[in-house]
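Structure first, then comments.
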Amino acid sequence: MVRECIAEFESLSEGEKEELIQKFSVEKAEKKKEQVVALPPLEKAEKGKVVMRFAPNPNGPPTLGSARGIIVNGEYVKMYGGKFIIRFDDTDPRTKRPMIEAYDWYLEDIEWLGYKPDEVLYASKRIPVYYEYAKKLIEMGKAYTCFCSQKEFKVYRDNGVECPHREISPEEALEVWERMLDGEYEEGEVVLRIKTDMKHKDPAIRDWVAFRIIRESHPLTGDSFVVYPTLDFESAIEDHLCGITHIIRGKDLIDSERRQRYIYQYFNWEYPLTKHWGRVKIFEFGKLSTSWLRRDVESGKYEGWDDPRLPTIRAFRRRGFESEAIRNFFISLGVGENDVSISLKNLYAENRKIIDPKANRYFFVWDPVRIEIEGLSEEVEVELPLNPNKGTIRRLRGKNVVYVTRDDFERLKGKVVRLKDFCNILLDKKAEFRGFELDDVKKGKNIIHWLPDGETLQCTVLGEKTWEGMVEKNVVQDEGKVVQFERFAFCRIEKAGEEVLAIYTHP
RNA sequence: GCUCCGGUGGUGUAGCCCGGCCAAUCAUACGGGACUCUCGAUCCCGUGACCCGGGUUCAAAUCCCGGCCGGAGCACCA
């Protein structure tokens with residue numbers, strides 16, 4: 001039945017086909033609109049009252065991974081209306097030392113991705129607030145100062161046994177706490193723990209650390225503090241203070257919720273709704289850790305944090321990606337708890353949809369080979385499509401000395417090829433002119449791109465590798481924009497002067 | 001090891017809570033064709049999946065049990 005229909009359709013004339021397609025295209029267009037990518041509805045989300053946050057530690061620049069957090073949270077706030085808060089969880093000046101430049105990079109990239117934070121908070125500047133809540137908990141007997149070493153406590157924890165310090169009175173604990181704040185103890189000597197349940201079936205939950213001493217100057221607050229909260233504590237307090245309604249983050253933080261709930265219970269607060277997503281592994285980048293990237297950037301293996309080979313948002317911006325593409329890419333991943341490993345090809349496909357219709361076309365001849373065309377006496381002016389979608393054109397001089405790429409030269413030497421939009425030649429270093437008409441070579445489809453001698457600019461393309469070659473002068477008008485180098489790839493023209501520097505976007 | 005969580009085409013995703021309308025959605029990928037003086041663009045057509053085994057039921061991707069596989073956490077990191 002279906003086959004018959006198709007056969008019937010195929011047998012129609014072009015005109016008739018067109019007519020039928022027209023007839024159904026309205027319906028199709030409507031369907032496409034419905035399928036606009038969107039996040040699944042958020043549980044218990046009230047219009048205008050959704051408060052969400054993105055809480056990075058700026059110990060490196062935002063990466064594709066950060067983009068997911070920004071996009072998913074930001075997008076939900078957009079969907080329902082409410083508040084979007086950026087909070088820098090920068091409470092460890094040593095092991096996760098913040099990078100001073102990264103604070104602004106986050107803000108910039110968030111804006112570029114299309115979200116405007118309603119509030120920006122720096123945890124490191126609000127440490128006194130956390131002290132107050134710590135004090136309350138101590139007074140309530142829900143937190144205690146503990147002098148066990150990490151090793152000692154591990155034994156207690158693993159065996160589900162309460163440590164001796166757990167039983168001290170709130171008054172005593174308070175006294176120790178004050179002395180901690182006054183800097184009377186050394187690093188590692190004492191910590192403040194939250195009382196949970198030493199018999200909890202998950203050892204990870206048992207009496208966790210809320211504050212520890214770190215004697216290291218903080219990039220933002222200097223030496224103002226020696227007692228720093230852990231993420232679990234800081235974030236628990238802050239989420240409540242900010243009135244966060246929904247938390248969506250990676251599943252590595254799943255235990256965090258279980259720990260924090262104890263505090264919420266003690267203060268009688270309501271814990272936000274949470275959702276956790278799985279790990280994203282991108283084929284092209286493998287596992288990426290900020291510290292690992294940092295080492296390679298600092299060692300000079302990469303040009304900088306926006307090196308086009310890097311998975312940072314800055315790098316994608318430099319490559320000329322549209323933020324809409326990145327948004328669609330992550331929205332389509334959804335918020336499932338299973339791990340995903342996905343190829344950047346999907347991102348490329350999203351980006352291509354947006355960029356292809358607007359990118360101007362140019363010839364870029366990499367690894368050029370000089371060709372002399374014999375039998376072509378006069379120069380001609382050649383018109384080529386600049387943007388096939390808009391019908392605009394560009395011009396090139398058709399000369400008897402041209403350059404083609406080595407790949408094409410070697411592959412097609414001795415054959416008749418078509419210099420796109422110009423003429424046909426028998427390809428060799430001394431080529432023979434074979435006419436201007438297209439039909440002669442159309443069958444073989446040996447259509448290649450070319451550039452006239454003396455009317456080009458030096459061009460370098462930076463990407464996975466570096467390509468050297470020449471490009472037509474016309475590109476100058478597209479400085480800063482993404483163009484398509486025909487038969488090569490999309491590239492962003494970063495600089496166009498005497499020489500051209502282009503960044504490889506994607507195929 | 002302990003505590004959680006998850007397993008739908010090559011890849012991602014919808015459906016699973018509230019079993020039937022799922023011979024399973026959409027995207028991407030791949031294959032074929034059309035169009036085009038580039039193309040990985042566009043337009044047609046096609047390929048391709050419910051981890052395995054039991055159970056409950058008239059009926060299971062959906063519920064239950066077991067297995068296998070994968071992941072996360074088990075820090076004075078975030």
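The shown structure was predicted, so the numbers you read here are calculated from the model rather than taken from an experiment.
The distance from atom CD of Gln150(A) to atom C1' of C74(B) is 13 Å, rounded to the nearest whole Å. Counting to the nearest Å, the P atom of A75(B) and the CD1 atom of Ile205(A) are 11 Å from each other. Between the CG atom of Leu231(A) and the P atom of A75(B) there is a distance of 15 Å, given to the nearest Å.
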Dot-bracket line, read 5' to 3' along RNA chain B, where crossing pairs take [ ] and | marks a partner on another strand, Watson-Crick or G-U under 3.5 Å: (((((((..(((.......[.....)))((((((.......))))))...(((((..]....))))))))))))....
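Salt bridge status for Arg87(A) with Glu238(A): absent, with no side-chain N to carboxylate O gap under 4.0 Å. Between Asp255(A) and Arg258(A), at least one side-chain N (NZ, or NE/NH1/NH2) sits under 4.0 Å from a carboxylate O, which counts as a salt bridge.
When ring centroids are compared, Trp366(A) and Phe485(A) stay outside the 6.0 Å threshold. The aromatic ring centroids of Phe147(A) and Tyr144(A) lie 6.0 Å or more from each other.
Looking at the side chain of Pro507(A), the nearest of the listed nucleotides G40(B), U38(B), C74(B) is G40(B). Here the side chain of Pro388(A) is nearest to one of U38(B), A75(B), A78(B), namely U38(B). Side-chain proximity of Arg279(A) to the nucleotides A72(B), C77(B), A29(B) is greatest for A72(B).
At a threshold of 4.0 angstrom between heavy atoms, the contacts of Arg157(A) are confined to the sugar-phosphate backbone, with no base atom among them.
Contact check for Trp450(A) versus Val417(A): no side-chain heavy atoms found under the 4.5 Å cut-off.
Heavy-atom minimum distance, Ile313(A) versus Leu64(A): CG1-N, 4.3 Å.
Pairs of residues two or more places apart, or lying in two chains, never qualify as ring pair (Phe, Tyr, Trp, His ring centres under 6.0 Å) while including a residue from residues 325-346 of chain A.
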Heavy-atom protein contacts under 4.0 Å, nucleotides 3-14 of chain B, coded B base, S sugar-phosphate only, - none: SSSSS---SSS-
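Shown for residues 355-365 of chain A: residues whose heavy atoms fall under 4.0 angstrom of RNA chain B, namely Asp356(A), Arg361(A).
Here Arg53(A) pairs with Asp239(A) under the salt bridge (Lys or Arg N to Asp or Glu O under 4.0 Å) rule; sequence neighbours left out.
A donor-acceptor contact closer than 3.5 angstrom is absent between the side chains of Glu464(A) and Tyr504(A).
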Below 3.5 Å, can you tabulate the donor-acceptor pairs from side chains in residues 351-360 of chain A to any protein atom, sequence neighbours excluded?
unit_1    : atom_1 : unit_2    : atom_2 : d
Asn351(A) : OD1    : His506(A) : NE2    : 3.1
Arg352(A) : NH1    : Pro507(A) : O      : 2.5
Lys358(A) : NZ     : Glu322(A) : OE2    : 3.3

Worked check of salt bridge (Lys or Arg N to Asp or Glu O under 4.0 Å) between Lys251(A) and Asp339(A): CA-CA 10 Å; Lys251(A) 68 178 178 184; Asp339(A) 303 319; 3.1 Å; yes
